[in-house]
Amino acid sequence: MTATLTIKQLDAIQDLIFNKLVQQPTRIKTIVPCQLYLVERLVSQCRLLEKEGYCDYELAYILYVLSKRYFEHFDAKIKGASDELHSMVKGVIEKRAPQAEVIRNHLHVETNDDDLLDRFKALKEGSKSTIAVATKRTVASNGYQESVSPTDLHELVKDKDSKVLLIDYRPRKDYVHNHIKHPNVINIDPSLVNDLPNEATSQDLEAKLKHTMSHQKYKIFEDRQKFDYVVLYDFKFGVSGNNRFIEILKGFEQASVNPFQRLVELLTVKNPLISSRLKLRPIYLSGGIKNWYDIYGDEGIENSRKSSADVDMNGMVYPKSFDDYLSSARKSSPVESANEKPRAHTKNNMSTNNQGASLVSQVMGVQPYNPPSVGTITTKSVSKTNAPSSIPTSVVSSKPQKDQISNLLDEFATGLVNLGNSCYMNCMIQCLAATPQLTTFFFPSISMNGSYKQHINVNNKLGTQGKLTSAFVELLLNMLNNNGKVFSPSKFKKIAGECSPGRQFASCSQQDCTEFVTFLLDGLHEDLNQMPVLDPNEKKRISELTPEQEKNREILPVRLASTIEWERYLKLNFSIIVDNFQGQYLSQLRCLECRTTSTTYNAFSILTLPIPERLNQTQKVTLQDCIEEFTTTELLEDGNKWHCSRCKKFTRSTKKIAITRLPQVLIVNFKRFKVNTSGQIRKLETFVTYPVTEMLDLTKYWTKPGTIMGDADAPKMSIEEETTIIESFPVRNQEPPFRYKLYGVANHFGTLSTGHYTSYVYKRGKKRWCYFDDSKITFNVSPNEVMNKNAFCLFFQRV
């Protein structure tokens, strides 16, 4: 790497900067900060040289000469202020002398005096706002520079021989509003980087960005090692103007922490993979996008609202990712004042699991309460020493470690009291309590995203203003506090009953467990729904398609239509529940007389599957058989005919269902109750097998690009064009393969009105599979028992 400015030219620059520095007030409180600033900047460049084998040679040379010259000029005053400071500065300068010689050897010696005069004419004139260097050189010919001026960057991006990646390091909303016009510009929100743990690597950053960027933008970042230069910018960090060396003159007065430091670390020193190592350390645009705009104006700026990559088909900007949802949290809770704390359920005569409760207290910042032990905990072929106990004293500290808390969330097992036919509720709570997407969100020390209360949408009339969500979190907290014991969920049931439509779950009557979990997930979603659109007219426009839009959906490839419909859905529905629990399927009706189709795209939280009925009812069917039955084309005739909009009459038709989006947490329900011809409800006792220790692979059911289900005679979009458009949308976890691991099973015994529910839930650690029968728990259950003929609802986690 060679520099373009010669030593003589650099000496002229430092000479002018030195004269400016010594013309400033010469009080010691000005001299010392300036001296320290020069030395610190010098040491930073020298360390870079030691670590990377290169540095910003021009800047390092000027800093060395300036540091030494400034020290010699104010030697007496610095010594008079502090012998220790004088000795320290002198030692640093002497220590860096050998490196200064190495740096000097990378610089040019020869120069043209006329060119020198032209270059520094503006310097001598001493502009009020800047000391401009009239230079036409580019960074490309200069090798590494710590920062780049707008004109140098402009020349660099125009150079066909240099590949440049721009990283806009500002909040997403600012990037959407405007950013530098360049084909290879991506946005990384600083909050996303700041939320990463200290031990995070570039791979952790990649994993986050994969779900925040469109596929097209993510691919650019993934290929970052192929670019010659990576340039970072924010709003206005660095100095304005067009001379990067002016920063030396003004830097110590405007000294601030480099905002790119953490990101640079992730891209360089915390990047363990050689395959993604950058060609050159990232540099930053001095003065940020503001400086760029001051020079190039509107011509150099692009607005993402005009780009299909950042808006959906209706022109509204939507949340790009779940991280955007998290960053939208209010600074204070709308449902609880800052000095109020959620209190766990209390009772007299408390028997406390002190150590486990202590750890949870530190997690939540509250003092938990424990009710007396109720009911019985049984073990199967397990001695007392193998039964769950309180958290060991060695685990509990005044400041719990993240992995300790994570282990507690993964392993706790607490029985729930049956409050009179409330087993339908208990079995579902046990499964949801083992879902990490929920527990890590509700417990802020794990998610590191603040309290869930900051996400409560009190303006959503469809929600409970946080009542149901707060009650559910309080229940989880009490279950954590009573690890290995039993807790009565009476308070939660009371609130759930009050919030349920028609007070369905307020009574002590038996209920359907899937109806309950649907109600609970819907309630959590609406409480936490950060819908971007609030205007009723706009909501109506989004939710109701025009005839023209409906017609267009029928001729689009399924994958593309599905993506568009999902983004439209997210305008009104965006929450942790949508992001993790909801998928999508299409339902298409086709008239067999005129071939007209009508396709709807439906979000689901539970995939309800039919059970194929065999002549031999004792014959087992597989989960795969149920999915095949669900996606099989159905003939609609006789009393089930469809009213065709084109034929204007009821016609023989077909109905086809296809899965178009698969969730992170998949809940499957078997339709075991069926109404017979006489109107009576009967239960299908068919044994449905499902993978317990193996993976469930649903990749083949996911609709791939190129799939067409509309009019065969309609003009077809090429796969290439469809793929290009799809890549402009966020991926949102929709990348194959789709493999799932079972972690929960809800079982139903008996009839619809007199039945009983239990659940199997997988717990990490020694407990493995646990069987929950209300207040009774059986540990270390064999996987062979988890596979049982009474399975009613399955919970899968994507892996």
Side-chain angles (χ1 to χ4, degrees), residues 312-314 540-569 571-572 582-613 624-662 669 671 674-677 679 698 700-719 721-723 725-726 734:
D312 72 3
M313 302 304 286
N314 285 316
K540 184 176 181 180
R541 188 177 73 84
I542 293 169
S543 59
E544 297 178 7
L545 292 177
T546 66
E548 186 63 27
Q549 287 174 322
E550 289 182 351
K551 184 178 179 181
N552 289 337
R553 294 293 189 272
E554 297 303 317
I555 63 175
L556 284 176
V558 172
R559 183 87 235 125
L560 177 55
S562 162
T563 302
I564 293 171
E565 286 299 295
W566 188 251
E567 297 305 327
R568 188 167 67 91
Y569 176 73
K571 279 188 179 182
L572 302 178
Q582 291 193 2
Q584 182 197 63
Y585 65 84
L586 70 77
S587 177
Q588 185 180 80
L589 296 168
R590 181 187 296 273
C591 175
L592 294 180
E593 294 186 17
C594 69
R595 313 301 295 175
T596 293
T597 61
S598 176
T599 309
T600 57
Y601 291 83
N602 308 288
F604 69 85
S605 296
I606 299 178
L607 194 62
T608 301
L609 302 178
I611 299 176
E613 293 192 62
Q624 211 85 6
D625 293 332
C626 298
I627 299 174
E628 291 291 340
E629 183 81 2
F630 178 68
T631 55
T632 297
T633 302
E634 178 186 0
L635 178 63
L636 303 180
E637 55 183 351
D638 299 329
N640 292 325
K641 288 181 178 180
W642 172 53
H643 191 275
C644 176
S645 60
R646 186 173 181 181
C647 296
K648 308 296 183 184
K649 64 178 183 178
F650 288 96
T651 62
R652 291 178 72 250
S653 311
T654 59
K655 180 180 179 181
K656 172 67 177 177
I657 291 177
I659 298 173
T660 49
R661 299 184 74 86
L662 283 160
N669 167 235
K671 293 177 68 174
K674 187 174 183 179
V675 180
N676 58 26
T677 54
L698 299 181
K700 73 173 186 176
Y701 296 103
W702 180 71
T703 308
K704 301 171 182 62
T707 304
I708 305 291
M709 291 182 64
D711 188 349
D713 298 327
K716 292 181 175 60
M717 182 183 291
S718 68
I719 293 180
E721 185 180 358
E722 179 193 3
T723 302
I725 298 174
I726 289 175
Q734 294 305 296

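Separating the CG atom in Leu560 from the CD atom in Glu722 is a distance of 6.0 Å, to the nearest 0.5 Å. Interatomic distance, OG1 of Thr703 versus CD1 of Ile708, reported as 11.5 Å (0.5 Å rounding). Atom CG in Leu572 sits 14.0 Å away from atom NZ in Lys540 (nearest 0.5 Å). Put simply, CD1 on Ile555 and CE on Met709 are 15.5 Å apart, with the number rounded to the nearest 0.5 Å.
Side-chain contact between Lys655 and Asn640 is absent, with no heavy atoms from C-beta onward closer than 4.5 Å. Looking only at side-chain heavy atoms (C-beta outward), Glu593 and Cys644 stay at 4.5 Å or farther from each other. By the 4.5 Å heavy-atom criterion applied to side chains, Leu586 and Ile657 are not counted as neighbours. Considering only heavy atoms from C-beta on, Met717 comes within 4.5 Å of Leu556 through its side chain. Using a 4.5 Å heavy-atom threshold, the side chains of Ile725 and Thr723 count as separate. Taking 4.5 Å as the limit, some side-chain heavy atom of Cys647 sits within range of a side-chain heavy atom of Cys591. The side-chain heavy atoms of Gln624 and Lys700, taken from C-beta on, include a pair separated by under 4.5 Å. Within the 4.5 Å cutoff, no side-chain heavy atoms of Trp642 are placed close to those of Lys649.
With Leu607 as the fixed residue, the side chain to side chain contact (heavy atoms under 4.5 Å, CB included) test singles out one of Asn669, Leu698, Ile659: Ile659.
Side-chain N/O atoms of Tyr601 and Gln588 include no donor and acceptor closer than 3.5 Å. Between the side chains of Tyr569 and Gln582, at least one donor N or O lies within less than 3.5 Å of an accepting N or O. When only modelled atom types and interatomic distance are considered, Gln584 and Ser562 share a side-chain donor-acceptor pair under 3.5 Å. No side-chain N or O of Gln734 forms a donor-acceptor pair with one of Trp566 less than 3.5 Å apart. Remark: the Thr597 side chain and the Glu554 side chain contain an N/O donor-acceptor pair separated by less than 3.5 Å.
The nearest pair of heavy atoms linking Glu721 to Ser718 is N-OG, 3.1 Å. In terms of heavy atoms, Thr660 sits closest to Arg559 at O-NH1, 2.7 Å.
With respect to Glu613 and Lys674, a salt bridge is recorded, a charged nitrogen being found less than 4.0 Å from a carboxylate O.
Partners of Lys641 according to the salt bridge (charged side-chain N to carboxylate O under 4.0 Å, His left out) rule, which considers only residues two or more places apart in sequence or in another chain, do not exist here.
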